[in-house]
Amino acid sequence: MLLYTLKRLLYVTPVAIGVSIVCFLLIHITPGDPLSAILPSDAPLELQMQMRAAYGFDKPLWVQYALWFWKVLHGDLGTSIATGRPVAAEVLRAVGNTLILATVATLIGFTLGTFFGFVAGYFRDSWLDKLASFVSVLGVSVPHYWLGMVLVIIFSANLNWLPPTGAGPDGSANWRPDAEHLRYIILPALTMSVIPMGVIARTVRALVADILDQEFVQALRAKGLGEYGVFRHVVTNAAPTALAVMGLQLGYLLGGSILIETVFSWPGTGFLLNAAIFQRDLPLLQGTILVLAMFFVALNLAVDVVQTALDPRIERA
Amino acid sequence: MSAILEASGAAPERDRGGPAQPLLSVTGLVKHFGGRRDWSGKRRGMVRAVDGVDLEIFKGETLGIVGESGCGKSTTARLVMQIIRPDRGEILFDGEAVGSPALGLQDYRRETQMVFQDSYASLNPRLTVEHTIAFGPWVHGEGRRAAVARAHDLLARVGLAPERFAARYPHELSGGQRQRVNIARALALQPRLLILDEAVSALDKSVEAQVLNLLLDLKAEFGLTYMFISHDLNVVRFMSDRVMVMYLGKAVEVGPSDVILKDPRHPYTTALLASMPSMDPDNRTEEAPLFGDPPNPIDPPPGCRFHTRCKFAAPVCSAREPGLGADLGDDLVHRVACHMADPSSGHPGAVAAMERP
Amino acid sequence: MAVLSDIRIDTVAPLPARASRGYWGSVLRRLMRDPVAMVAAGVILAIVLAAAFAPFVAPGDPYKGAMLRRLKPIGDAFYWLGSDELGRDMLTRLIYGGRLSLFMGVLPVACAFVIGSTLGVFAGYVGGWVNMVVMRVIDVFYAFPSVLLAIALSGALGAGITNAVVSLTIVFIPPITRVAESVTTQIRTRDYVEAARVSGAGAFTIIRVHVLGNVLGPIFVYATSLISVSMILASGLSFLGLGSKPPEPEWGLMLNTLRTAIYVQPAVAALPGAMIFITSISFNLLSDGLRSAMAVRA
């Protein structure tokens with residue numbers, strides 16, 4: 001098992017390096033002078049010269065990459081043009097909020113999704129299946145930022161039950177699990193949960209239908225195993241894949257939270273990205289994306305390892 | 001139209017080596033799969049699918065190759081067909097080495113063709129039957145119209161009326177019909193040697209009989225030579241002039257089919273024949289003719305590969321590997337890879353066995 | 001050796017004497033029997049036609065606004081679906097908006113289909129280390145969540161429709177390449193491909209005649225399932241201000257500019273998103289139907 005983990009780690013490392021290269025190149029695909037991407041245009045000349053030397057813009061590309069990479073490894077993700085604060089600090093602060101939101105959303109999505117998926121798969125081709133499948137297609141097809149707006153219209157503007165934006169009263173910068181903040185997370189999490197719900201429902205439906213089709217289930221029934229026993233078998237067989245999908249969905253939500261966070265002004269990494277884009281704050285953009293992408297890579301690796309650990313059929317070489 | 005295809009296989013200008021020259025002569029064929037290299041660079045842990053096989057097929061005959069799953073017969077077929085590259089070994093077709101300037105791969109492909117086992121998987125589901133058959137000739141430069149016309153003619157030859165079958169798709173045919181299409185496709189390039197790799201194994205018995213009879217007709221009509229691979233001994237008996245028995249990547253017995261299948265000399269062949277259930281209820285199999293598990297092709301037993309399951313195993317059997325011995329038969333060559341057949345081997349049963357008629 | 005030719009070969013189960021339907025013919029037939037897919041196809045057709053013939057179908061001018069008549073509700077005598085924050089007719093803007101939204105949704109997938117299939121089939125057929133190198137590079141892009149990659153590329157390239165289409169194309173190339181490579185690798189080992197090789201055909205001929213026909217189908221169906229995602233992403237980019245720019249009518253952009261209006265005319269503000277939703281779900285249902293029609297194979 002350990003060997004497998006190490007092998008996967010080895011396999012993932014070049015991908016991670018590739019990811020960092022792509023992030024690095026982001027600055028260089030912007031039109032214009034790369035320096036204008038990291039410094040405000042009215043910066044004093046000496047500062048400009050300093051930055052030029054520090055980032056090595058006059059040196060060949062791979063040298064620049066090496067310099068940048070070296071800085072990253074030391075935790076220096078550059079300085080935000082807009083706020084002047086180190087990017088790393090900003091990102092770290094925001095990541096917590098996004099993680100909380102994404103986790104809650106994934107859990108909701110997973111619960112609902114497994115429920116719908118199970119119903120659909122168990123009662124395949126019945127009206128229950130069609131209904132549950134339709135709900136899951138809905139989940140995958142709805143533009144979640146629009147759904148967020150609709151929910152805000154219904155629950156905030158009209159019914160005034162829930163706050164429309166923010167993570168806490170008076171625009172608090174961080175969400176905490178206490179009574180005041182609870183109301184603030186409901187709408188964003190619900191909105192965000194729709195996509196994982198759709199994906200997981202479809203996956204689970206396919207899994208359950210597949211397992212029930214297999215001959216060993218018929219054999220179990222022929223041997224007299226009751227429905228509950230069959231159910232347990234289905235669950236144990238479907239669990240590894242379903243959990244893997246859930247893990248991946250968490251990763252997608254982490255990376256793709258920008259739209260929801262924009263709608264709800266949730267102070268997470270997505271909101272940070274939005275600000276970075278609008279202020280053309282490329283160090284912030286680059287740093288945030290790097291952190292999020294690395295999170296995703298690490299998450300994928302974790303899911304891979306856990307799934308292999310749980311599934312006895314996969315060969316560990 | 002039919003005149004083009006008449007007796008093309010026996011045309012004198014294609015027969016370069018003369019009647020005495022074997023059409024196919026294979027020596028020392030070796031193919032190992034997989035495995036890792038250890039610190040000294042040697043490969044270890046590989047599957048020794050084919051581990052030194054010699055065979056000859058004479059012009060106009062049918063050589064049957066039998067053996068259980070995993071003995072290497074399909075791999076041998078693919079090696080002869082050059083679908084897989086052999087690790088070692090030489091293949092001579094009508095006296096010329098395959099891949100040499102005298103006989104390039106492209107030319108060899110016109111001389112040898114193969115019919116696969118899975119009739120459905122060997123046909124492109126998107127092509128009509130006539131296009132599948134016409135593909136080969138078209139690739140070799142024949143015009144589209146001519147190639148399709150040839151396809152129609154071949155369809156008629158294999159018993160499928162072109163006006164009904166030419167424009168059909170594989171999924172609209174039965175298993176036996178598909179296999180006929182495969183045979184027609186193989187014949188489209190006018191080969192002299194046809195390799196049939198379990199070509200009838202997946203068919204129902206009645207259909208199988210029809211296809212086998214078709215194969216015999218075609219062989220006579222076109223003067224073909226067959227390499228017929230099967231695990232079904234009855235079918236092999238029906239089709240083959242000579243038989244080669246394979247076990248774990250090596251040939252263990254070669255000889256005329258009626259001789260081998262009535263009076264086998266190798267213990268494995270005997271066991272194979274004995275495991276065929278008899279139709280006679282008084283003739284029940286009381287004892288399993290073979291004991292032990294089939295060994296691992298990754299790590300074959302030392303010495304004779306069969307000795308772990310052989311009733312007559314002696315100490316010499318695990319020490320030395322017996323080669324395909326000298327000619328035992330009178331008419332066609334009959335050779336056995338067993339110490340018992342070799343009086344000089346030191347096997348206690350050798351002398352007694354030699355005294356058999 | 002007995003040679004029996006008198007067992008007459010069977011011509012069993014005669015099929016009616018009409019030309020056999022090809023593969024796509026039978027798929028289409030099956031698809032037409034699927035009511036859900038047909039409704040979805042109809043909806044898409046309606047939207048596409050309306051967008052294509054917008055000048056003839058729409059009641060007004062999408063750019064002309066009247067500040068005095070802004071944010072009228074749905075059912076207004078003048079503006080059937082209300083008016084937006086600058087007084088422009090919503091119905092007209094929605095119909096015209098279909099043009100850009102559909103364009104930005106479908107074009108990236110189409111481009112990615114061409115590029116991704118080429119890459120994937122090539123990598124899948126050649127195999128070996130070429131395959132490994134190509135797929136690893138693809139893995140790097142796959143390592144980004146799609147939304148993040150789209151935003152990263154768009155953010156770096158800057159706003160604008162062209163940039164958005166470029167970044168979305170890049171986002172969709174990896175999944176399509178993966179599917180293409182996977183399917184090609186499966187087909188490559190099929191017996192009929194081996195038989196084609198044995199017939200002496202060269203690689204390009206084999207790919208053209210035997211591989212492509214069997215491979216493009218599944219890739220195409222997969223690509224259609226990506227259209228709905230692409231539309232949502234494209235509109236999302238516009239929603240963030242990274243795609244189309246005002247005053248262009250485009251559903252995502254409209255959703256953005258109408259955000260502040262949700263307290264005044266919520267129904268009107270929600271309309272553009274509803275259009276995205278309807279189009280997206282129709283594409284999904286159609287794609288699902290197509291997949292089912294293809295899955296029932298003999």
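Each chain gets a letter, A, B and so on, in the order its sequence line appears, and its residues count up from 1. Computed over heavy atoms, backbone and side chain alike; hydrogens, waters and symmetry mates excluded.
In terms of heavy-atom proximity, A/Ala293 sits nearest to C/Phe144 at CB-CE2, 3.6 Å. Scanning all heavy atoms of the two residues, the minimum distance from A/Ser141 to C/Phe277 falls at O-CD1, 3.8 Å.
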- Message: Could you go through A/Tyr252 and C/Ser146, starting from their C-alpha distance and side-chain angles, then the distance that decides it, and tell me whether this counts as side chain to side chain contact (heavy atoms under 4.5 Å, CB included)?
- Response: CA-CA 8 Å; A/Tyr252 276 116; C/Ser146 19; 4.0 Å; yes
- Can you check side chain to side chain contact (heavy atoms under 4.5 Å, CB included) on C/Leu148 and A/Leu273, steps first, answer last? CA-CA 10 Å; C/Leu148 193 64; A/Leu273 272 176; 3.7 Å; yes
- Message: Before you tell me yes or no, could you show the steps for A/Val137 and C/Asp288 under side chain to side chain contact (heavy atoms under 4.5 Å, CB included), namely the whole-Å CA-CA distance, both residues' side-chain angles and the distance that decides it to 0.1 Å?
- Response: CA-CA 10 Å; A/Val137 169; C/Asp288 276 354; 3.9 Å; yes
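Both the backbone and the side chain of A/Val19 come within contact range of chain C, with heavy atoms under 4.5 Å apart. For a residue to count as touching a neighbouring chain, one of its non-hydrogen atoms must lie under 4.5 Å from one of that chain's; by this rule A/Leu285 touches chain C with the side chain only. For a residue to count as touching a neighbouring chain, one of its non-hydrogen atoms must lie under 4.5 Å from one of that chain's; by this rule C/Phe141 touches chain A with the side chain only. Residue contact with chain A, scored on non-hydrogen atoms closer than 4.5 Å, is absent for C/Ala267.
Looking at C/Arg259, its side chain does come within 3.5 Å of a backbone N or O of A/Val263 through a donor-acceptor pair. Under a 3.5 Å cut-off, the side chain of A/Trp146 and the backbone N or O of C/Ala270 do form a donor-acceptor pair. Although no hydrogens or angles enter the test, the distance criterion places no donor-acceptor pair under 3.5 Å between the side chain of A/Tyr145 and the main chain of C/Phe239.
Contacts between residues 8-15 of chain A and chain C, counted as heavy-atom pairs separated by less than 4.5 Å, involve A/Tyr11, A/Pro14, A/Val15.
The CG atom of A/Leu259 lies 5.5 Å from the CD1 atom of C/Ile151; values are rounded to the nearest 0.5 Å.
With sequence neighbours left out, the side chain to side chain donor-acceptor pair (under 3.5 Å) criterion links A/Ser133 to A/Asp129, A/Arg205.
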